[in-house]
Every structure is written in structure tokens, then in C-alpha cells.
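Before any comments, here is the structure.
Below, each value reflects all heavy atoms present in this structure, side chains not excepted, and no hydrogens, waters or symmetry copies. So that the names make sense, note that chain A is the first sequence line, chain B the second, and so on, each numbered from 1.
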Amino acid sequence: MELETRKAGQVIIVKPLSDNINASISTEFKSKMVDLINQGNSFVLLNLVQVDFIDSMGLGAVISILKTLELSQGKLVFCEVKPPIINLFKITRLTQVFKIAKNEKDGIDLLSKEIKK
Amino acid sequence: MSPKSIKFTVKSEIDHLTLLWKAVQAICITVVKDEILLYNLGLCLTEAVMNVINHVYKNKPGKIIEIIITLSENKIVFRIIDTGNGGHVPQPKTLDYNPKDIATLPEKGFGLFFIHRIMDEVTQNIRGDKHVLLMKKHLNRKNEINK
């Protein structure tokens, strides 16, 4: 799977260019995200505008990425999350854990506040 | 609408799951208009098939999994049939973690949680050398918040 990335200050915006994050690509997705984190990108905005489907393995990969970021004092914010995926986060109670912004601008603002802390 | 069924097979390969999810949605949309429920139905079926691939067929490619989807006005029934050893036991799962402590978040175990959380009935039985997982979702409920 391909990831489109761009920087906005200390924030890296990552957009998966796949319509899904499921069992068939979750390992590759996690590996590429960890590579980005290891390159010093600690404040990550994950733009899911192109993602229509996340399964249990994809969710596990996202949680693993979140844990990796937390260990490096980083933060993860989601944006452009489609309603069925938001619902998936709700039924797993992950809306209590994940930071979700409406769009990239709001996501960058949210992460910028975290950087200033 | 009288019940209508479609039967197809998929091979025990994880790479086929995206296509399966899309196919299930395309079939179920004939009776389900709610996008969240549609998503969840596709999710449960792909999770059940993934369970068979991982736990029954131990990730051996080329094994066959039969899927029968029966649609009616008030329910959708999925049957997932494998010829494994019956080791696939879909016990209900709960998600026990502390949202304030990220270290406690599980990275596995969501698949069975989704199946039992979303579907109304989940049963299994053995017919000869075939193991059948049956999942049923009632559609006549106004409170589809339990999607």
C-alpha cells in the first residue's frame, strides 16, 4: 500500500492511498508508519479520506502505531474518518482513546496544541 | 419478498478478503440501506472467514470456504462452511481495557468481538465433515443503533 505524506511544521500528514486497511495490508501499513515515526515524526495526522474499510487487523495496527507514538512522547490524530469507521471506534470504546478531527486543518490545530504543551 | 440465497466460494487467502467485503456489501445492499449496518455486515462476514483461514486452515492457501447468504425482508443469514477440524469455536469476546491507559489496549481479539456485538445470533454445527458457522441479523428493528 502507498502512503502519501507531507509536513506541516512538526506535524506529518499521512494519507493511506488504499480504500482499506485490512488483514491483507495491515502489516505493511504498520511497518511503513513505524518507519515514519523512527525518522523522527512524532506528531502524526492520519487522514483516512480514502479509507472505506478497516477490519480487526487494521484496527490492531492502528492501536500498535498509537502505542509506538506514545512511547516516543508523540501524538496521533485522525481526520476525515467516515461514519462507519467512526462507529467501529465507538463500539470498541476507542472514541475515548483516539483523537479525531473533522478535517486536516482541525487536525493540525489539535496537534499544534499538543506540541506547545 | 421471499428469501433469496446466493452461494459462492472463496479460497483461504487473506488477499481475497477485500474483494469478499465488497461482494458482501453489493449483495446485502438489496435489503440494507443503512451504510453503517452494511459496513458491519461485511465486517462480520470477512472476520468470520479470516477466522477460518487463521484458525481452521492455519493459513494454508488453496483451501475452500463456502459462503451462503440468505436475504429476506426481516433478516440476513450468513453461513460460512469449512472442512476443517472443528477447531473454530466463536466464543463471545469482551474488550477489557482502561481507555486512560493506552498500554492496556488490545491489539488482537476484535474480530470475535465484532461478530458477537453486531450479529443477533451466532451458532455453529457440524454436518458430516463440514463445519457450519451461522450468523443471523434481524432487520425489523427500529433501533439499528445496535448495528
Does atom NZ of B:K130 have more than 12 heavy-atom neighbours from other groups under 6.0 Å away?
no
Considering only heavy atoms from C-beta outward, does the side chain of B:F114 approach that of A:T92 to under 4.5 Å?
yes
Spacing of CG belonging to B:L95 relative to CD1 belonging to A:I91, to within rounding of 0.5 Å:
9.0 Å
Linked, directly or transitively: A:V34 and A:I21 (ILVMFWY side chains, under 4.5 Å):
no
Look up atom CD1 in B:I102 and atom CG in A:L71, then write down how far apart they are to the nearest 0.5 Å.
9.5 Å
B:D15 to A:S24 - nearest heavy-atom pair and separation:
OD1-CB, 3.6 Å
For B:K75, is the NZ atom crowded, meaning more than 12 foreign heavy atoms sit under 6.0 Å from it?
no
Quick check on A:N22 against chain B: is it the side chain, the backbone, both or neither that has a heavy atom closer than 4.5 Å?
side chain
In the structure I gave you, are the side-chain heavy atoms of B:W21 and A:D55 within less than 4.5 Å of one another anywhere?
no
Derivation of the side chain to side chain contact (heavy atoms under 4.5 Å, CB included) call for A:V97 and B:Y97:
CA-CA 11 Å; A:V97 180; B:Y97 68 87; 4.1 Å; yes
Would you say B:I27 ends up clustered with B:L139 if hydrophobic residues are merged whenever their side chains have heavy atoms under 4.5 Å apart, either directly or through other cluster members?
yes
Report, as yes or no, whether the 6.0 Å neighbourhood of atom NZ on B:K63 holds more than 12 heavy atoms from other residues, nucleotides or ligands.
no
Distance check, rounded to the nearest 0.5 Å: B:D96 atom CG versus A:R93 atom CZ?
7.5 Å
Sort by residue number and list every residue of residues 61-68 of chain A having at least one heavy atom under 4.5 Å from chain B.
A:I63, A:S64, A:L66, A:K67
Transitively linked via ILVMFWY side-chain contacts under 4.5 Å: B:V32 with B:I29?
yes
Answer yes or no: is there a side-chain heavy-atom contact under 4.5 Å between A:M57 and B:M50?
yes
Same apolar cluster: B:V31 and B:F78, side chain cutoff 4.5 Å:
yes
Over 12 foreign heavy atoms within 6.0 Å of CD, B:E66
yes
In terms of hydrophobic clusters joined by side-chain contacts under 4.5 Å, are B:V122 and B:V132 together?
no
Which bit of B:K100 comes within less than 4.5 Å of chain A, counting heavy atoms only: side chain, backbone, both or neither?
neither
Rounded to the nearest 0.5 Å, what separation is found between the CD1 atom of A:I25 and the CG atom of B:L17?
11.5 Å
For B:T46 versus A:F53, what's the shortest heavy-atom pair and its separation?
OG1-CZ, 3.7 Å
Using heavy-atom distances under 4.5 Å, tell me whether B:E47 contacts chain A through its side chain, its backbone, both, or neither.
side chain
Side chain, backbone, both or neither: which part of B:T18 has a heavy atom under 4.5 Å from chain A?
both
For A:K7, does the NZ atom have more than 12 heavy-atom neighbours from other residues, nucleotides or ligands under 6.0 Å away?
yes
Supply the atom-to-atom distance B:L112 CG to A:S56 OG, rounded to the nearest 0.5 angstrom.
8.5 Å
Rounded distance (nearest 0.5 Å) linking atom CG of A:D52 with atom NZ of B:K22:
7.5 Å
